[in-house]
Each structure stands twice: as C-alpha cells, then as structure tokens.
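Input: a single structure, listed below in structure tokens.
In what follows, residues are counted from 1 in the order of the sequence shown. We count ligands from 1, going down the list as the structure has it; atoms in each ligand are counted the same way.
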Amino acid sequence: MSGPHLHPAPGRRWQAGSLRLRFLCAILLWVAIGIGGIWYSATRVFARHIELQYHDELYGHVRELADLVTETGDGHLRLMRPLSDPRFLEPLGGFYWQVTVDKGDTLRSGSLTRGALDDNVAHSPQVFHAVDSGPTGPAITYGFTRLTSDRRVIHYVIATDKRYLDQAIAGFTVELSVWLVVLAIALIGTGLLAIAFALRPLDRLVLAVAALRDGRGEPLQGRYPDEIAPLVSDLNAYVAENRAIIERSRVQAGNLAHSLRTPLAVITDEAETLAGDPQTRAQGNVLLQQAEAMAQQIDYQLARARSGAAARTSGRSSPLPDVIAPVLSAMGRLHRDKLFRLQLPPDFTAKVAVDPVDLAELLSILLDNAGKWARTAVTVTIDRHPAQVRLRIADDGPGMTAEQIATACAIGTRFDPAMPGSGLGLAIARDIAEGWGITLNLTCADADGAQAGGLVAELLIPA
Ligand SMILES: Nc1ncnc2c1ncn2[C@@H]1O[C@H](COP(=O)(O)OP(=O)(O)OP(=O)(O)O)[C@@H](O)[C@H]1O
Ligand SMILES: [Mg+2]
C-alpha cells in the first residue's frame, strides 16, 4: 500500500543540503573571490600609477622653478616669468612654491598668501621629497639646493596638497566599486539561470517519479542527460520488477486463500455432523468455531488482496463530492428503506490525498454499516479544515457501547447476530485508513449529544 508522500515544492528546493543551495554557495564564493581580486588589484595598480605620475609632475615643477629664478647683479633673486601651471597663482589653492637664499631674499608663489613652506626637504643639490604639513593641510613637497655666485645656498621648494592625490584615488575606487557591484549582480543572475537550466532534468525526474507514484506515466518518460539516464533506466527496471513481485505475491495469497476454502468447507461439514451427534457435540462445536475463525481470516485476506490490486492502477488524489456521490447512490439502492443525506458547505470542492478506489471502499464499508443499523436515515457531513477534510457519517440506529467500539475493528468482531455480515468491514476500513494517514474515529452520538443514539464514524483525511 502506498502511503502519503510529499514532493519538493518550489519553496523547498533551496533547503539546506539541496543541490541548488550548494551550487549557489559555490557561485557566491567564486564571484566573491573574482570580484574581490579584481577590486584589490585594480585599485592598487591605479593608485601606484597615479602616484608616479603625480611625483613626476612635481619633480618637473621644481626643476622648472630653479631654471626660472635668476640672480640680479646686486645679489637679489628674480623670477623671470610665472610657472607654466596657472594653479600656482590661485590664492591658497593647494599648489605652492618658495625660493629662499640663506641671509637673503625669499620668493613665494602668488598662491602662498599666508604662512610659509618648510624648506627642510631642500637640503642637498639632489632632489628629495616628503609629506609635510603645508598651509592648507598635508602636502607633498619636493626640494633641492643650488649655490649662488657668492656661494650662498638657495632652497627651492614645491608643495602640492596631498588631498588632490587622495581625491583622485578615492574617485577611481568609488567608480570601480559601482561597476564591480553591477558585474557581480550580473554574474550571480546568470549563475542562477545556469542552476535552473542544469537542474531542469532533475526537476523533470522528480515530477516523473511523482506521476509514477500517482499511477500515471509508467515507466518514467522522456529523455534525460547522460549522467542520470542510467539511473532512470535502472529505476524503471526496478519498478517493473517490484511490481511483478507484488503482483505475484498477491495472486499467490489469493490462490492460497482460495485453495483453503474447499478443505475448510469439508471440515465444517464434518464438524457439523459431529456436533449433531450427542456423543461428540462438544468436540464438534469447537471444530465449528475454529473453522469459522479460519474462514473469516481467509475472507479478510482475499478482500485486502483485491483492494490492494485496484489501488495500484489508480491515482493518489480524489476530488471529494465526486467520489462520494456514486457510493451514496449505490447504498441508497442497497438499503432502500433508509434515507441517505449529504450535507456540504456551499460550493464545496476539495481534493484529498487518497487513492479514489481505496476511499470509495472505505466509504462503502462505513455507509453499509450505517445503512444496516440506521432506523430511518444516514447523514454524511463534510467540512474543510486547513490541512484536512473532516467527513462524518452518522446514523440514527442503536449505536455501540464504548467497550464495543474498542473492539469493533478486530477481524471477525460482530455484536448483532441477527444482522448478516462477516465482521470484516471495520477491520478493512481501519487498514485502509492507516495506509493513507486517515484518522478513523468511532463515537456514539449520545456521547456528544448531537443526536439520540446512533454511531458516528468520523474520518480526518489529509487534504
Ligand atoms: N453503524 C453501526 N451501528 C451499530 N453497530 C454497528 C455499526 N457499525 C458497526 N457496528 C457493529 O460493529 C460490528 C462490526 O462491524 P463490521 O462492519 O466490521 O462487520 P459487519 O458489518 O458485521 O460485517 P461486514 O461489514 O464484514 O459485512 C458489527 O457487526 C456491528 O455489531
Ligand atoms: Mg460492515
């Protein structure tokens, strides 16, 4: 008997341990390493490159400055013409120069309207550079010395605010980061598409296996990639083999039960003869009882083999009012003097996760009992709950006591010898209910005060 089973719903596909999640983690790691690596190396290379260019420029400026300064005849210094870069004229604009002679003049750029540059960096005829504090924040300074004709030292200093360099690097880093984020999103997006594309055959396989369990589509249909095609064909072979084995065992069980019937009839016959003779009455009655118990077991096994065989070929979900209607009308014909009523909420439809053949058999058993013992009417009510459908079959007959209810589902139990029956109905009903995860409750209507007397069989069926 196939029980209820859950197939992965779309939301459950990304659960911990799923292939999708593994692929996603791999892609995220891959993108993080790739994008992070590009970001780090590109910002480093750019910063180095722009720094070199910046320093080159400053070196050029300090040399230019030295070439533009000349000595006048009276030992003073004079700038022949302004520096080529006009930024040295903008007051406190961040570009400065200064020329000092020991015990003599100091010349300053037009931009240096306040303060002075530290000429420590200009301490040798070789060009040196340093980061000093300038008039408008930290500055990169370049400087060197020359001698005047009367052997005094001239200090040439050029300074540029460091923030210009920092701003250029920061601007580049921000722009690069934006582009890399866009690239990362595009990579992850295409990664997700790739996952969906690569795992599509597995999704198809899941659906095909679900169809197989539902009794549709057998064997597994469709073409699968080379990696899972062997799995599919093995699964098909396994299912076919399994099915054949189950079928064979079922036929054998049926045959065995059948073949026992005739000898059992002979034994019953002999037992009746013995029971008719006053001398052997006691032994005869024991034999009769045992033979009856054996006959019940045989009938039960035959009934289970038959209903199991039917379930194999039908589906795993039943539309609710549709399955009940034919059973109800059949019961109406079988118990002509009883009224069968169906009470549904307006516009009620529901699908329950139970094979329709099994469900119809379960309902037939309970409705047949209700029809047998009802005085006038049997009422079926159905209502929906979030995860299940509740179905109640109530009759207005004598009902059962609590002790009777406790044993009613055992094979061969009967409490009313006047009524025909084999005592197997409830045993089979309980079996079917257990196989499909249905809760079967028998109560007496007395107990919950809904009706006078009568049995209520309640089914809680998974939706
Ligand atoms: N609706 C009911 N009202 C009163 N008693 C019931 C009702 N349903 C079942 N019973 C009692 O429970 C016993 C067992 O029921 P069960 O369906 O297993 O057997 P049966 O109806 O006697 O025989 P079978 O269904 O195999 O033909 C019945 O014999 C009867 O005494
Ligand atoms: Mg019955």
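At a heavy-atom distance under 4.0 Å, atoms from both the backbone and the side chain of Leu426 approach ligand 1. Residue contacts with ligand 1 for Ile365 are absent, since no atom lies close enough (heavy atoms, distance under 4.0 Å). Heavy atoms of Met400 found under 4.0 angstrom from ligand 1 belong exclusively to the side chain.
Annotation: cation-pi geometry satisfied between Arg204 and Tyr224 (NZ/CZ under 6.0 angstrom from ring centroid, within 45° of ring axis).
Contact check on Glu272 versus Arg281 returns no salt bridge, with no Lys/Arg side-chain nitrogen under 4.0 Å from an Asp/Glu carboxylate oxygen. The existence of a salt bridge linking Asp203 and Arg20 is confirmed by a sub-4.0 Å separation between a basic side-chain nitrogen and an acidic carboxylate oxygen. Residues Asp299 and Arg261 are paired through a salt bridge, judged by an N-O separation under 4.0 Å between the basic side chain and the carboxylate.
By heavy-atom distance, the residue among Gly399, Ala418, Pro420, Gly397 lying nearest atom 4 (C) of ligand 1 is Gly399. Relative to atom 27 (O) of ligand 1, the option among Gly425, Ser422, Ala429 with the closest non-hydrogen atom is Ser422. Considering only non-hydrogen atoms, atom 7 (C) of ligand 1 lies nearest to Trp373 out of Trp373, Tyr300, Phe415.
Looking at Leu455 next to ligand 1, no N or O pair under 3.5 Å apart turns up.
For Phe88 and His61, the gap between ring centers is short of 6.0 Å. In this structure, Tyr164 has its ring center at least 6.0 angstrom away from the ring center of Tyr54. Ring centroid separation for the pair His129 and Tyr59 does not come in under the 6.0 Å cut-off.
Not a single heavy atom of Met419 sits less than 4.0 Å from an atom of ligand 1.
Less than 4.0 angstrom separates some heavy atom of Asp395 from each of these atoms of ligand 1: 1 (N), 2 (C). Using a 4.0 Å cut-off to heavy atoms of Asp416, the atoms of ligand 1 that qualify are 31 (O). In summary, the atoms of ligand 1 found under 4.0 Å from a heavy atom of Asn369, numbered by their order in the structure, are 1 (N), 8 (N), 9 (C), 15 (O), 16 (P), 17 (O), 21 (O), 25 (O). Shown in contact with Thr413 at under 4.0 Å from a heavy atom are these atoms of ligand 1, numbered in order with element: 13 (C), 14 (C). Those atoms of ligand 1 that come under 4.0 Å of a heavy atom in Lys372, given as number and element, are 20 (P), 21 (O), 23 (O), 27 (O).
Side-chain atoms of Lys372 come within 3.5 Å of backbone atoms of Pro420 as a donor-acceptor pair (strictly under, hydrogens ignored).
Among protein heavy atoms, atom 29 (O) of ligand 1 sits closest to Arg414 CA, 3.4 Å. Shortest contact from atom 23 (O) of ligand 1 to any protein heavy atom: Gly423 N, 2.9 Å.
Taking the six-membered ring where tryptophan is involved, the planes of Phe46 and Phe172 are essentially parallel, since the angle between them stays under 30° and well short of 60°.
Put simply, the residue from Ile432, Leu320, Ile324 that forms a side chain to side chain contact (heavy atoms under 4.5 Å, CB included) with Leu359 is Leu320.
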